[in-house]
Amino acid sequence: MISEIISRNVAEAIESLYGQRIQEAQVQIEKTNKDFSGDFTVVVFPFLRISKKAPEVTAQEIGTLLKLNVSEIADFNVIKGFLNLVISDSYWGKKFLEIAPDSDYGLQKTTEENPVVIEFSSPNTNKPLHLGHIRNNLLGWSVSQILKANGKNVKMVNLVNDRGIHICKSMLAHQLFGNNETPESTGMKGDKLVGKYYVEFDKKYKEQISEGIESGLNKEEAEQKAPLMIQAKDMLKKWEDNDTETLKLWTLMNSWVYKGFDQTYEKLGILFDKTYHESSTYLLGKELVEQGVQKGVFVKKEDGSVWIDMTEEGLDEKLLLRADGTSVYITQDMGTALLRHKDYSPEKLIYVVGNEQNYHFDVLKKILARLDYQWSQDIYHLSYGMVELPEGKMKSREGTVVDADDLIDEMIETARITTTELGKTDDFPEEEAENLYRILGLGALKYFILKVDPKKNMTFNPQESIDFNGNTGPFIQYTHARICSVLRKADLENFSISQHSEFDFELFEKEKSLIKLLNEFPETIANAGKFLDPSLIANYVYELAKEFNGFYHEHSILNEPDETRSIFRLSLSNCTANVIKNSMKLLGIEVPIRM
RNA sequence: GGUCCUGUAGCUCAGCUGGAUAGAGCAACAGCCUUCUAAGCUGUAGGUCGCGCGUUCGAAUCGCGCCGGGAUCACCA
């Protein structure tokens, strides 16, 4: 790494000039600001105490010595306390020759150690996936790919919330108002059909509450005594008692939902290594609670409910088990965490869950720590912000929820319209054209969401996301397609970088900045892995694509008279295309070879 | 009220562990298609980085205090 070379030599220079050894890590190296000449900048202010000289003088002295002793450093200039170093073209040429032949540059092979388990998606079986889930799924998928590129053995798991009173509501609505409908008979996607029943239940339930209030009950009584609620609770009890008919209906309706979800996942290009179901893990949580009571970590109250007092940690008292012995949300999560730990012994357990559950995961970690599970510190809640619309928050009551399938279809449709208007696909076979619209529509959607810092709330503007200009997925896809087109047109016989042991000519600014950017790719992946943040990759690849477009307009790639430089530029284009492709892979975005 | 997140151009967002004159895109305006894909490129304009104090050679970045936005503090999941 060039930065290591610089810091080592700066440290040595300081020692020989001023007789004092400093830590190499203390040498601050930055990319040189665009408006100044040079590649890297060493900030000398921290060394003034040692040199006891003015900043300019210190920088000048260090620079002189570096230029003399370090072959990679071709020149330097000093502005105030900033020592700008110019790296030799031959260094960049050599660096490029290392990078260029590797089409998987930046993507590491997965190792078998260090399993990292990442949970995402985690849908509810009575609600179709919406825009919020899309952010969740894309984040989970992308972070998984980034971790893989960092050499981790990643296991992607899903946890389906398939039990509880809410499930019974949609089952009941199906029984009462469903007329034996099925996805086949209605032509509806399974998850949509079940979601419809859930809404229907809610509607009828509210009517019953109103009736109850009219007949003199207070609100709470009316809610409790509504016939539908009583029936739903009754059904939950039957479910927990393994009533055959209830389980049969439950299994059937769940199978509809799963089929529907799978279609959406497939469209998004998402696969899981394993799917957990709460119905088969919730009992484990109860055992944990029992253990905790015996250890004296939890308290059982007179009515039989179990609590944990976390006031010392600045949190509240938390219910862990209801008086009737049924489990609550956190009970289940304790169970699934333990199960997952047993299944994988992960070095890290990541949960991609919205920031409205920050408190929940705080509590979960602390409870597990209280139970002396050391691995509780390996739990990491990858919290992400809400997705809002330009008009405001999504609210199911107001019907402003953006359905995932509808959105995907809408994006693809817009891609089709825009592309057709531009006449881009006039000579495409139908199948290839359709595939392109899909790639573009999804690319626009995915990129728009992933380029934003996960922890921030974001505004999703359908209009703007479909704008194919600027910092968008399609712009990057376009750049890739354009490079592929150039490579197709090149005489590939003459394009073999392996024939060259070096390119020794002076690099143009754009060529050099492209190589510099390519060189930064592995570092960007490492950072994205460290912060579990795909937006770092997104911003990187945009910069790369933009840089290439500038290059493309300034320099001829195909018609370069100098043969060596022509080969160099083709290799540079090819390498850029590879890095774009690899970056987009980390974001879960496909890249077309022509568009 | 407690805790956590957040506030950068008209809008959507970058700005990593403090560094030089705060960056992109959209929108606006002005140019560029006989030449490798114009879904593009180049330029102009647009900012008290919410406010104040502090730390330091140096703060959008770190600390503290205000102000604004969001989330959460359920026998919902």
Side-chain angles (χ1 to χ4, degrees), chain A residues 25 28 30 32-36 41 43 45-46 48-49 55 79-82 84 122 124 126-127 161 163-167 278 303 305 307 314-324 326-330 332-333 354-360 362-363 383 385-386 388 390 393 415 418-419 421-422 424 440 448 451-453 455-461 463-465 467-472 474-475 477-479 481-490 523-524 527-528 530-531 533 535-536 538-540 542-543 546 549-550 552-560 569-570 573 594-595:
Chain A
Q28 280 185 61
E30 268 131 51
T32 300
N33 196 308
K34 268 179 193 140
D35 301 332
F36 301 94
T41 297
V43 186
F45 290 109
L48 299 184
R49 274 188 309 139
I79 293 164
K80 291 189 273 182
F82 299 95
N84 300 324
S122 310
N124 215 311
N126 50 23
K127 281 181 194 153
N161 178 265
R163 63 162 296 278
I165 187 87
H166 52 289
I167 308 296
E278 283 195 351
D303 65 355
S305 60
W307 297 74
L315 305 175
D316 299 317
E317 282 197 325
K318 183 89 185 171
L319 176 89
L320 301 177
L321 210 59
R322 294 191 188 102
D324 64 2
T326 56
S327 62
V328 291
Y329 180 41
I330 195 130
Q332 294 170 183
D333 259 13
N355 62 8
E356 72 272 13
Q357 293 192 33
N358 288 355
Y359 180 76
H360 172 78
D362 205 10
V363 172
S383 160
M386 292 177 32
E388 291 168 20
K393 283 184 202 168
T418 318
T419 310
E421 274 174 7
L422 287 166
K424 293 273 182 182
L440 290 175
F448 192 89
K451 75 174 176 185
V452 181
D453 182 350
K455 68 173 176 290
K456 286 188 177 176
N457 286 356
M458 67 173 291
T459 307
F460 179 79
N461 185 334
Q463 299 298 321
E464 203 173 302
S465 73
D467 193 338
F468 289 15
N469 292 310
N471 190 357
T472 62
F475 169 72
Q477 291 170 318
Y478 170 68
T479 308
R482 182 187 254 181
I483 297 173
C484 290
S485 166
V486 169
L487 294 175
R488 267 195 306 274
K489 289 183 178 168
E523 199 184 329
T524 308
N527 272 331
K530 187 173 154 196
F531 300 112
D533 182 359
S535 74
L536 298 177
N539 286 298
Y540 166 83
Y542 173 59
E543 200 182 331
K546 205 153 61 96
N549 268 282
Y552 184 90
H553 281 270
E554 267 184 36
H555 299 289
S556 154
I557 296 171
L558 286 174
N559 308 318
E560 169 62 44
R569 286 197 179 154
L570 283 170
S573 306
R594 66 183 189 130
M595 61 187 276

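Small disclaimer: the values here were computed from a predicted structure and weren't measured. First the proteins, then the strands, lettered A, B, ... as listed; each starts at 1. Quick note: numbers below take in every heavy atom, side chains included, and nothing from hydrogens, waters or symmetry partners.
Atom OG of A:S383 and atom CG of A:D362 lie 11.0 Å apart (nearest 0.5 Å). Atoms CG and NZ, on A:N161 and A:K127 in that order, are 9.5 Å from each other to the nearest 0.5 Å.
Per the geometry, CZ belonging to A:F448 stands 11 Å off P belonging to B:A14, to the nearest Å. Between the P atom of B:A77 and the CG atom of A:L321 lies a distance of 12 Å, rounded to the nearest Å. In this structure, OH of A:Y552 is placed 14 Å from P of B:U42, rounded to the nearest angstrom. Counting to the nearest Å, the C1' atom of B:G40 and the CG atom of A:N471 are 15 Å from each other. One can place NZ of A:K546 at 13 Å from C1' of B:C26, the figure rounded to the nearest angstrom. Remark: C1' of B:C76 and CG of A:L320 are 16 Å apart, rounded to the nearest angstrom. When the P atom of B:U3 is taken as reference, atom NE2 of A:H360 falls 22 Å away, rounded to whole Å. As a whole-Å value, the separation of A:N358 CG from B:G70 C1' is 11 Å.
Taking 3.5 Å as the limit, the base of B:A20 and the side chain of A:T41 contain a donor-acceptor pair of atoms between them. A donor-acceptor contact under 3.5 angstrom links the side-chain atoms of A:N84 to the base of B:A20. At a cut-off of 3.5 angstrom, the base of B:A39 holds no donor-acceptor pair with the side chain of A:T472.
Of the candidates B:C41, B:A14, B:A39, the closest approach to any side-chain atom of A:N549 belongs to B:C41. Listed nucleotides B:G40, B:U12, B:A20 differ in distance to A:R482; the shortest reach to its side chain belongs to B:G40. Listed nucleotides: B:A77, B:G7, B:A39. Nearest to the side chain of A:Q357: B:A77. Of all nucleotides listed (B:G19, B:C36, B:G25), B:C36 comes nearest to the side chain of A:I557. Picking from B:A14, B:C41, B:A77 the nucleotide with the shortest atom distance to the side chain of A:D453 gives B:A14. Comparing atom distances between the A:H553 side chain and each of B:C36, B:C75, B:C41 picks out B:C41 as nearest. Taking the side chain of A:K455 as heavy atoms from C-beta on, and the options B:A39, B:C75, B:C5, the nearest nucleotide is B:C5. For A:M595, taking side-chain heavy atoms from C-beta onward, the closest of the listed nucleotides B:A71, B:U6, B:U37 is B:U37. Across B:G70, B:A14, B:U21, the shortest atom-to-atom separation from the side chain of A:N457 is found for B:G70. Comparing B:A20, B:A38, B:C75 by their nearest atom to the side chain of A:T32 picks out B:A20.
A donor-acceptor distance shorter than 3.5 angstrom exists from the side chain of A:R569 to the backbone of A:S556, with no hydrogens or angles considered.
Look at B:G52: its Watson-Crick or wobble partner, with both distances under 3.5 angstrom, is B:C64. Pairing of B:C16, defined by two Watson-Crick or G-U wobble distances under 3.5 Å, is not identified with any nucleotide. Pair check for B:U21 finds none; no Watson-Crick or G-U wobble contact set falls under 3.5 Å. Remark: B:A9 base-pairs with no nucleotide; criterion is Watson-Crick or G-U wobble with both hydrogen-bond distances under 3.5 Å. B:U34 makes up no base pair with any nucleotide shown, lacking Watson-Crick or G-U wobble contacts both under 3.5 Å. Across the strands present, B:G43 finds its partner in B:C29; the criterion is a Watson-Crick or G-U wobble pair with both atom distances under 3.5 angstrom. In this entry B:U72 has B:G2 as its Watson-Crick or G-U wobble partner, both defining distances falling under 3.5 Å.
The heavy-atom pair separating A:A415 from A:L440 by the smallest distance is CB-CB, 4.0 Å.
Taking atom P on both B:G10 and B:G50, the two are 13 Å apart, rounded to the nearest angstrom. Comparing the same atom, P, in B:C49 and in B:U56 gives a spacing of 23 Å after rounding to whole Å. The separation of B:A60 from B:C16, taken at their P atoms, amounts to 12 Å, rounded to a whole angstrom. The same atom, P, is picked in B:U17 and in B:C67; the two are 28 Å apart, to the nearest Å. With both ends at atom C1', the span from B:C29 to B:A45 equals 8 Å, rounded to whole Å. The P atoms of B:C4 and B:C66 are separated by 14 Å, rounded to the nearest whole Å. Remark: the separation of the P atoms in B:C13 and B:U6 is 14 Å, to the nearest Å. Between the P atoms of B:A24 and B:U42, the separation comes to 10 Å (whole Å).
A:D533 and A:S535 share a side-chain donor-acceptor pair at under 3.5 Å.
Residue-level contact check: A:I165 touches neither bases nor backbone, having no heavy atom under 4.0 Å from any strand. Backbone-only engagement by A:F475 is indicated by non-hydrogen atom pairs under 4.0 Å involving sugar-phosphate atoms exclusively. Nucleic acid contact class of A:S383 (heavy atoms, under 4.0 Å, all strands): none. Residue contacts for A:V452: at a heavy-atom cut-off of 4.0 Å it reaches the sugar-phosphate backbone alone, with no base atom in range. Across all strands shown, A:P46 has heavy atoms under 4.0 Å from base atoms, whether or not it also approaches the sugar-phosphate. Using a 4.0 Å heavy-atom criterion, one finds that A:K424 contacts the bases of the nucleic acid, with or without backbone contacts as well. No contact: A:E543 has no heavy atom under 4.0 Å from any strand. Within the 4.0 angstrom heavy-atom criterion, base atoms lie near A:S556.
Crowding of A:E554 atom CD: a count of heavy atoms from other residues, nucleotides or ligands under 6.0 Å exceeding 12.
Under the stacking criterion of a centre-to-centre distance below 5.5 angstrom and an interplanar angle below 30°, A:F36 sits stacked against the six-membered ring of B:A20. In this structure, A:F82 packs face-to-face on the six-membered ring of B:A20, meeting both the 5.5 Å centre cutoff and the 30° plane limit. Between the side-chain ring of A:Y359 and the base of B:A71, no stacking contact exists by the 5.5 Å and 30° definition.
Taking syn as a glycosidic angle within 90° of 0, B:C33 qualifies as syn.
Here A:K489 reaches the OP1 or OP2 of B:U37: one of its side-chain N or O atoms lies under 4.0 Å away.
Put simply, the side chain of A:F45 does not reach to within 4.5 Å of the side chain of A:Q28, judged on heavy atoms. Within the 4.5 Å cutoff, the side chain of A:F82 has heavy atoms near those of the A:V43 side chain.
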query: Run the side-chain contact (heavy atoms from CB on, under 4.5 Å) check on A:N549 and A:F475 step by step: do they pass?
result: CA-CA 10 Å; A:N549 268 282; A:F475 169 72; 3.3 Å; yes

task: Apply the test side-chain contact (heavy atoms from CB on, under 4.5 Å) to residues A:I167 and A:N126: give CA-CA distance (whole Å), side-chain angles for both, the deciding distance (0.1 Å), then the verdict.
output: CA-CA 6 Å; A:I167 308 296; A:N126 50 23; 4.3 Å; yes

